[in-house]
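Notes to accompany the following structure.
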Amino acid sequence: AQSVTQLDSQVPVFEEAPVELRCNYSSSVSVYLFWYVQYPNQGLQLLLKYLSGSTLVKGINGFEAEFNKSQTSFHLRKPSVHISDTAEYFCAVSENNNDMRFGAGTRLTVKP
Amino acid sequence: EPEVTQTPSHQVTQMGQEVILRCVPISNHLYFYWYRQILGQKVEFLVSFYNNEISEKSEIFDDQFSVERPDGSNFTLKIRSTKLEDSAMYFCASSEQGRWETQYFGPGTRLLVL
């Protein structure tokens, strides 16, 4: 069964700095990969997803992620963060016709 | 923009009571899901539902839980005889096609079992 590891539980960063949130997965089959964001007191919102094709995926709010099959990673990046990016970020993986498993989440805190 | 809605936003109940959490998925979506998030922990898949039957369920989704689509719009999660450890945020989601399609999440129902 698939599993997801988010290596950093908290990432503090200053405004306008670049950020990378790390995600590694394990699976024996092809997977679909997702990043969701959860703002305080809100539900989950899809940032981006990888299904197939180009390994560099661009999402909303200036985020992008790169699928690296050899390293089984799907790290999320943004070249310049804003205060409004402060939120919890969840990586998720879904095998073919199987349920979606979430990582434990990374709390991104952007400081002025 | 269409969105998934959930009611109530907050629910407080006594241990042993039954609760029903309600969701209205996006109207043209065919797949429906329930997830839960215990405070401070990861989001966990509970169940998926398609064509009026459960298509996948996790080990968490035991006989205490049931789902139903009683009419053309609502999708409900029933928890019988609630336990303290059922306290969590419960999220409903829906997708147009399969599980690999974008799942749109509702704002959640915060359940507190006393």
Side-chain angles (χ1 to χ4, degrees), chain A residues 1-10 21 23-27 29-53 57-60 63 65 67 74 87-107, chain B residues 1-10 21 23-26 29-51 54-61 67 88-110:
Chain A
Q2 73 275 32
S3 66
V4 181
T5 302
Q6 290 184 245
L7 298 164
D8 307 296
S9 60
Q10 298 188 57
L21 306 184
C23 173
N24 286 88
Y25 69 92
S26 64
S27 174
V29 299
S30 297
V31 295
Y32 306 108
L33 295 157
F34 308 81
W35 274 99
Y36 281 86
V37 60
Q38 184 180 31
Y39 298 104
N41 301 314
Q42 294 188 30
L44 298 168
Q45 181 182 1
L46 181 69
L47 276 178
L48 47 80
K49 63 183 178 184
Y50 170 79
L51 303 181
S52 63
V57 181
K58 293 190 183 297
I60 63 171
F63 284 93
F67 170 56
F74 191 55
E88 188 92 17
Y89 290 80
F90 293 94
C91 181
V93 61
S94 177
E95 292 178 347
N96 294 339
N97 295 319
N98 208 333
D99 57 86
M100 188 155 65
R101 302 278 178 165
F102 284 82
T106 297
R107 182 170 298 279
Chain B
E1 184 177 335
E3 58 183 19
V4 177
T5 59
Q6 290 185 243
T7 54
S9 58
H10 293 79
L21 310 183
C23 168
V24 179
I26 294 173
H29 285 188
L30 303 177
Y31 290 80
F32 315 113
Y33 315 85
W34 282 102
Y35 294 84
R36 78 171 185 192
Q37 185 181 28
I38 295 172
L39 187 64
Q41 298 186 25
K42 66 173 69 176
V43 176
E44 300 171 294
F45 168 78
L46 291 178
V47 66
S48 61
F49 192 85
Y50 169 71
N51 199 26
I54 291 173
S55 52
E56 291 282 345
K57 62 180 181 179
S58 72
E59 58 274 11
I60 302 168
F61 194 87
V67 289
M89 181 74 94
Y90 288 82
F91 292 105
C92 173
S94 69
S95 65
E96 190 172 353
Q97 299 293 331
R99 200 166 289 104
W100 48 89
E101 290 290 319
T102 300
Q103 294 186 26
Y104 293 86
F105 283 74
T109 293
R110 185 171 295 283

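Protein chains get the first letters and strands the later ones, always in sequence-line order, with residue 1 at the start of each.
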Between B:M89, B:K42, B:Q41, which residue shows the highest count of heavy-atom pairs closer than 4.5 Å to chain A?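 Ranked by contacts with chain A, first place is B:K42.
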Out of B:E44, B:K57, B:Q37, return the one with the most heavy atom pairs under 4.5 angstrom to chain A.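 Winner by heavy-atom pair count: B:Q37.
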Do [X] and [Y] come within less than 4.5 Å of each other through their side chains, counting heavy atoms only?
X     : Y     : result
A:Y25 : A:C91 : no
B:F61 : B:I54 : yes
A:V57 : A:F67 : no

Residue A:Q38 versus chain B: region with a heavy atom under 4.5 Å: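 Side chain only.
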Contacting region of A:L44 [heavy-atom separation from chain B under 4.5 Å]: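 Contact with chain B involves both backbone and side-chain atoms of A:L44.
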Is there a donor-acceptor pair under 3.5 Å between the side chain of B:S48 and the backbone N or O of B:E56?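 Side chain of B:S48 to backbone of B:E56, a donor-acceptor pair under 3.5 Å: yes, one is there.
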At a 4.5 Å cut-off on heavy atoms, which part of B:Q6 comes close to chain A: side chain, backbone, both, or neither?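 Contact with chain A: none, neither part.
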Between B:Y50 and B:Y31, does the ring centroid distance fall short of 6.0 Å?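 Yes; B:Y31 has its ring centre under 6.0 Å from that of B:Y50.
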